[in-house]
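Data first, discussion second: the structure below is written as structure tokens.
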Amino acid sequence: MINITLPDNSVKQYNDGITALKIAYDISEGLARNVLAAKVNGEVWDATRPINNDISLQLLTWNDNDGKAAMWHSSAHLMAEAIEILYPGVKFGIGPDIENGFYYDIDFLDYDISEKDLEKIERKMQELAREKQEFVRREVSKAEALRFFSNKGDEYKIELISELEDGEISLYQSGGFTDLCRGPHIPNTGVIKAIKLTKVAGAYWRGDESRKQLTRIYGITFPKKKELDEYLILLDEAKKRDHRLLGKELDLFAFSNKVGLGLPLWLPKGAELRERLEQFLKTVQKDAGYKPVISPHIGNVNLYKISGHYQKYGEESFKPISTPVAGEEFFLKPMNCPHHCEIYNARPHSYKELPIRYAEFGTVYRYEQSGELHGLTRVRGFTQDDAHIFCTPDQLKQEFNNVIDIIERIFTALDFKDVIIQISLRDSNNKDKYIGCDENWQKSEAAIIEVAEERKLNAIVEFGEAAFYGPKMDFIVKDAIGRKWQLGTIQVDYNLPERFDLTYIGADNGKHRPVMIHRAPFGSMERFVAVLIEHCGGNFPLWLTPDQVIILPISEKYNDYGKNVLNSLGKNGIRGIIDTRSEKTGRKIRDAELKKIPFMFIVGEKEESDGTVAVRKHGEGDLGTFGIQEISDIINSEVEKLMNLK
RNA sequence: GCCAGCAUAGCUCAGUUGGUCAGAGCAGCUGAUUUGUAAUCAGCAGGCCGUGGGUUCGAAUCCCUCUGCUGGCUCCA
């Protein structure tokens, strides 16, 4: 007999060789039907794998991420089985589960595969799933595994096996398909009820551009048809929020082939919105002791050789610009920091001046591969809300804290409520990857961790993800429909001060090296605006939105009164427009709703004689009649509250 | 850059197997209407069917080139 400890700490006794699935049946048949896998002493196992020792057991279902993973991984096998039947002879690469579903990389040889073929494969999968094929695990020797796949002619699997240790190799068989796989898998394919293959893409074998490109097919499966439908609705919602569509609809930005790929053009409404964002941050930064600086868009190639960007961005930069004088070359700047270092170096500094905080909305240029470009989120020219703080090592922690204050204030003002913080530290087993002495690393890592602990930040720590010059803290926001976006970043840097020989004179009258903090709360204006658009679906916060109010006169008779109202609003600092077309009120309301303007003021005979407006709020409807000063005050106090500026 | 798909009016899209196939709605302009909480009516204008080549008696439609757009290109059995 063995003891099985369940999550509620109850202990049950079973015979050797019992399986998680049988235990589930013992608890209830309903549960058993939902079991996808099991966690045995913290390790994810097949629910059908025999248990021979005392263990703690957690049954995994669709509600557990590990359960989902097992389901999707098994779905990848199911897809491979279907494909092997439909396209005999194809060769398989890898087929893992991913965050939202699974994929399989396959060498389709001479078959042409496009999205038209997906439906056929889906149907085959459904047919196979209904057979409730069981996944059978078999542990094999390396020689046996190699023999199996050489007989099959699957050179990719052979390559994978050759890198594995003998004794740790397992095969899984479901129906007529056998795959090299460590598992775990779901008990049988019967739980896969809803299948959607989503896209076909090329993917290099093992991500290596020099190797053969395989065909990757992505898909996702669900235990219930309803969940697939919900997923498709979510995708649809994401589509509606796409910043590229909304940017066009709301006249915010555009691209032109004549100007060039990945080079955004900001239209007046977009530029005004961006200016408001910049102005907001400038005000916050002024309060926090930042000083504006301005640096040119190009710099001598030697500047970037000193900073190390030349080595790093050489390939990803636009080609150097040559001058008529031989031997002189300039780069479009890929980052602002080298310039700011030289601004610091413009004159000597005393410890009494530190910290020095230089801020610049600096436009940088990087040559991204054409296929990487995407709306405003991935472009070739963009503006960072950059700042560099030069401080003494002792001031580091305080300065780091101050930057977090700024970032939190901004996220609050923009209604990003769900923020994940990632602290990226050095991989201490692999110190060669980084520069700088241990002491500095320990100090700066400790500073970040202490700050995170003191502020009780909801932070995850990643080892080995630090920049080569120092640890960093990244801010990842979740938008309104749950997608994650990396925005702000704070980085500690001991490298550039050294490379640029930055110094200050200390109280001891000696030269000392300052520490540098790189930080960008928005990251880049382009990317941030894109994320903001998708987050709010084009319904910007009141303080940011292009037009806060639209005046809708009932008929042309009231246009003059409407213009007077607009004037009064302007005097109260409220942005508005007026719709003087000779359209019916219903039409004007509809158009204003579609333009997502927060407030509609409807004015007619009553309002004109009373000096009032009938207020309708976007998405909510009629709010009733207000005096002009009264509603102006309401709007302004709302704006003030959102901006949190006082 | 590579793989797959797409490209028709400012926008969203129709255009069956090549032969009145250059169309619709919205937006725009002109006029009528003077309107009370999500589309008033009528008329007008608007396109080298992404570019260049080819096949054909004939191409928006078939083939090739180029350009651009979209989705991907390790989340490592």
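Chain A is the first sequence line, chain B the second, and so forth, proteins listed ahead of strands; every chain is numbered from 1.
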Between [N] and [M], how far is it from one [atom1] atom to the other, in whole Å?
N      : M      : atom1 : value
B:rC2  : B:rA60 : C1'   : 30 Å
B:rG23 : B:rC64 : P     : 30 Å
B:rG50 : B:rU8  : C1'   : 10 Å
B:rC6  : B:rC13 : C1'   : 14 Å
B:rA38 : B:rA42 : C1'   : 23 Å
B:rG53 : B:rG46 : C1'   : 29 Å

cation_pi(A:Arg380, A:Tyr365) dist<6.0 Å, angle<=45:
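Geometry flag: not set, cation outside 6.0 Å or 45°.
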
Item checked: Ion pair A:Glu159/A:Arg206, N-O distance below 4.0 Å ->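 Here A:Glu159 pairs with A:Arg206 in a salt bridge, since their nearest N and O are under 4.0 Å apart.
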
Exercise for review: Measure up the A:His185 and A:Phe135 rings against each other and bin them: parallel (under 30°), tilted (30 to 60°), perpendicular (over 60°).
Suggested key: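 A:His185 vs A:Phe135 ring planes: parallel.
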
Note to self: Can you tell me the base-pairing partner of B:rC69? Count Watson-Crick or G-U wobble geometry only, both distances below 3.5 Å, and say none if there is no partner.
What the structure shows: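 For B:rC69, the partner nucleotide comes out as B:rG5, under the 3.5 Å rule.
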
* To do: Could you check A:Asp105 against A:Arg182 and say which one's nearest nucleotide on RNA chain B is further toward the 5' end?
  =>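 Counting from the 5' end, the first nearest nucleotide belongs to A:Asp105.
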
Classify the side chain of A:Arg590 and the base of B:rA39 as holding, or not holding, a donor-acceptor pair under 3.5 Å.
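Answer yes: a donor N or O sits under 3.5 Å from an acceptor.
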
Below 4.0 angstrom from OP1 or OP2 of B:rU35, is there any side-chain N or O of A:Lys557?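 Yes, A:Lys557 has a side-chain N/O under 4.0 Å of OP1/OP2 on B:rU35.
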
